[in-house]
Amino acid sequence: MFQPSRRDGYGDGHVLDLDTAVKDGVLGSIGGVVGGGGCVGDSLDLRRMIKELDLSEVPVVFICPISLEPMRDPVSLCTGQTYERSNILKWFSLGHLTCPTTMQELWDKSVTPNKTLYHLIHTWFSHKYLLMKKRSEDVQGRATELIESLKKVKGQARVQALKELRQVVASHATARKAVVDGGGLVVISSYLGRFTSHAVGSEAVAILTNLDLDSESRTNLMQAEKISLVVDMLNEGSIETKINCTRLIQTLMEEKDFRSELISSHSLLVGLMRLVKDKRHNNGKLPGLSLLRTISLHNQVLCLFVTIGAVPQLVTLLPGLDSDCLELALFILERLSTTPEGQAALKDCSSTIPSMVRLLMRISETCTQCVLSILWSVCNLAPPECSSVAVEAGLVAKLLLVIQSGCDLALKQRASELLKLCSLNYTDTIFISKCKLTRTIQ
């Protein structure tokens, strides 16, 4: 929805007198466009300009009172009020015989094209559109200049050029296209290497995360020395740099030829766990967990998760995570529960079972699936010990909810198996009394 411009007290939505609006400067400086020739960009299509500009603030006299969108074909009623033609005709088709703004009864349903207002709207949008195009061309040219400059400069001048290029590509799609089309990906990628300073590397990574990397560029970045620098910056850089490094690695892992050995690194996993545990910067949790989830899909790396103590750390994080992060963390823990080392780590963590029971049937069906898999793995590892802990934590009531719910049949089956496993250590009477569910079970 467009918001009326608030200039000189005309932002209350009641200015519909065109002469007053122009005289008092509500429309801004558009160079004598009323009633004369010299309209800027007569050949430009108004619909396309409105769509491409996508402005949040537009002069109130250009806004249709019905749709609150800029008018493309303004027409006036006998009351003097102006509307977008299609909107007022729809109003009439619904059986209304009044002016939508004043609610006056109309003595004449005919509509008259408001050519003066159309001329103003077209000229104002043309002026903005041409300015946008010029800025776009200027930005595109500046991006190209910076790429050429980066081929020559060194030291602090290189850092400054990278900083400016990062700001340009972050704000303008045309600049991003200019960098890619002008061979900038090769230039920027070349700054990631064994002897690259973190000042240069962090800016290069920030630029790369804003660009569309093709398969060739990703392959070029999947060199061990480049990944090593990115991992170092993930551990030592600012929060912004850490997030950018995380996103870059995530992008590289989408390449079908990505090699698991590139991420078989204690340093990488430690850096990501630090990122998701950082209490001062919550914006690192989602990208960090997203990458950890992707890494956990590689079986060769699962043991490293256990080695760095990821299991108890992730379990401890669970209560403070939002639903998106929670699904990612539970997926990782489920993947770890498929390995003997992961199972043992989950069993040894005293918070695992109570945390899983609390989360069962709380967030989503995906979370419930992960929780049931984790509980099944842990309880199967040591049935007498773990099952009794689960029962005391209230697992049985939750399992019955799963069985009675409308969730997936496979989940109900897993819940039934887990319920049976928990009951093996009790007589029927004791099991029922511990669950306090006599009526439900009978």
Side-chain angles (χ1 to χ4, degrees), residues 130-252 262 267-268 271-272 274-275 278 280-284 286-288 291:
L130 293 174
L131 280 176
M132 181 195 73
K133 287 295 185 184
K134 185 177 187 307
R135 285 195 210 101
S136 176
E137 291 169 2
D138 291 344
V139 165
Q140 196 169 353
R142 183 56 182 155
T144 302
E145 288 175 7
L146 287 168
I147 290 297
E148 291 302 314
S149 174
L150 284 168
K151 296 176 182 178
K152 307 168 187 175
V153 297
K154 296 181 180 180
Q156 191 59 32
R158 176 180 291 174
V159 176
Q160 290 304 318
L162 285 168
K163 282 182 181 293
E164 184 179 350
L165 185 59
R166 171 172 60 85
Q167 294 169 352
V168 170
V169 299
S171 306
H172 302 279
T174 53
R176 294 192 285 273
K177 186 176 185 302
V179 170
V180 174
D181 293 347
L185 285 173
V186 175
V187 176
I188 297 163
S189 299
S190 68
Y191 292 142
L192 297 179
R194 186 178 305 168
F195 303 108
T196 301
S197 69
H198 284 194
V200 170
S202 62
E203 297 297 336
V205 168
I207 293 168
L208 290 170
T209 56
N210 277 294
L211 302 177
D212 292 326
L213 303 179
D214 57 21
S215 180
E216 183 180 351
S217 299
R218 293 179 186 179
T219 302
N220 180 40
L221 288 166
M222 286 189 300
Q223 298 176 30
E225 62 179 20
K226 295 184 185 295
I227 297 293
S228 177
L229 173 66
V230 174
V231 171
D232 285 345
M233 292 190 293
L234 169 62
N235 278 279
E236 301 173 15
S238 65
I239 184 63
E240 181 184 4
T241 297
K242 291 178 179 180
I243 292 173
N244 286 333
C245 290
T246 300
R247 288 174 174 159
L248 180 59
I249 296 173
Q250 180 84 55
T251 300
L252 298 182
L262 291 173
S267 182
L268 172 59
L272 289 172
R274 285 176 181 161
L275 181 61
D278 191 340
R280 294 175 303 166
H281 304 101
N282 287 326
N283 56 330
L286 185 59
L291 181 53

Student: Roughly how far apart are Ile249 CD1 and Leu262 CG, rounded to 0.5 Å?
Tutor: 10.0 Å

Student: Which pair of heavy atoms, one from Ala178 and one from Ala143, lies closest together, and at what distance?
Tutor: CB-CB, 4.2 Å

Student: Set out, in order, the CA-CA distance, both residues' side-chain angles and the distance that settles side-chain hydrogen bond (donor to acceptor under 3.5 Å, both in side chains) for Arg176 and Asn210, then state yes or no.
Tutor: CA-CA 8 Å; Arg176 294 192 285 273; Asn210 277 294; 5.1 Å; no

Student: Write down the atom of Thr196, the atom of Gly201, and the distance for their closest heavy-atom approach.
Tutor: CG2-N, 3.7 Å

Student: Using modelled atom types and a 3.5 Å cut-off, is there a donor and acceptor pairing between side-chain atoms of Arg218 and backbone atoms of Leu213?
Tutor: yes

Student: Looking at Leu150, is its backbone amide N or carbonyl O close enough to the side chain of Tyr191 to form a donor-acceptor pair, meaning the two atoms are under 3.5 Å apart?
Tutor: yes

Student: Can you tell me how far CG of Leu165 sits from CG of Leu146, rounded to the nearest 0.5 angstrom?
Tutor: 5.5 Å

Student: Okay, side chain of Thr209, backbone of Leu248: is any donor-acceptor separation there less than 3.5 Å?
Tutor: no

Student: Out of curiosity, Asn220 CG to Asp214 CG, how far, rounded to the nearest 0.5 Å?
Tutor: 10.0 Å

Student: Please check: side-chain N/O of Thr251 versus main-chain N/O of Arg247, any donor-acceptor pairing under 3.5 Å?
Tutor: yes

Student: Using a 3.5 Å distance criterion without hydrogens, assess whether the side chain of Gln250 forms a donor-acceptor pair with backbone atoms of Leu291.
Tutor: yes

Student: To the nearest 0.5 Å, tell me how far Lys242 NZ sits from His281 NE2.
Tutor: 8.5 Å

Student: Please report the interatomic distance CD(Glu203) to NZ(Lys163), rounded to the nearest 0.5 Å.
Tutor: 4.0 Å

Student: Can you measure from CD (Glu225) to CZ (Arg194) and round to the nearest 0.5 angstrom?
Tutor: 5.5 Å

Student: Could you tell me whether a side-chain N or O of Lys226 sits under 3.5 Å from a main-chain N or O of Ser189, the two making a donor and an acceptor?
Tutor: yes

Student: What's the shortest heavy-atom distance between Ile147 and Gly184, and which atoms?
Tutor: CD1-CA, 3.7 Å

Student: Return the minimal non-hydrogen interatomic distance between Ala199 and Val159, and the atom names on each side.
Tutor: CB-CG2, 4.4 Å

Student: Please evaluate residues Glu164 and Arg142 with respect to the criterion salt bridge (charged side-chain N to carboxylate O under 4.0 Å, His left out), reporting the C-alpha separation (whole Å), side-chain torsions for both, the decisive distance (0.1 Å), and the verdict.
Tutor: CA-CA 10 Å; Glu164 184 179 350; Arg142 183 56 182 155; 2.7 Å; yes

Student: Working note: Leu192 + Val205, criterion side-chain contact (heavy atoms from CB on, under 4.5 Å); need CA distance, chi angles, decisive distance, verdict.
Tutor: CA-CA 8 Å; Leu192 297 179; Val205 168; 4.0 Å; yes

Student: Please report the C-alpha distance between Val186 and Ser190 in whole Å, then the side-chain angles of each, then the deciding distance to 0.1 Å, and finally whether the side-chain contact (heavy atoms from CB on, under 4.5 Å) criterion is met.
Tutor: CA-CA 6 Å; Val186 175; Ser190 68; 5.7 Å; no

Student: Looking at every non-hydrogen atom in both residues, tell me the closest pair between Ile243 and Pro287 and how far apart they are.
Tutor: CG2-CG, 4.1 Å

Student: Quick check: does any side chain N or O of Asn244 sit under 3.5 Å from a backbone N or O of Ser202, one acting as donor and the other as acceptor?
Tutor: no

Student: Pick from Leu252, Val179, Leu221: which one makes a side-chain contact (heavy atoms from CB on, under 4.5 Å) with Leu208?
Tutor: Leu221

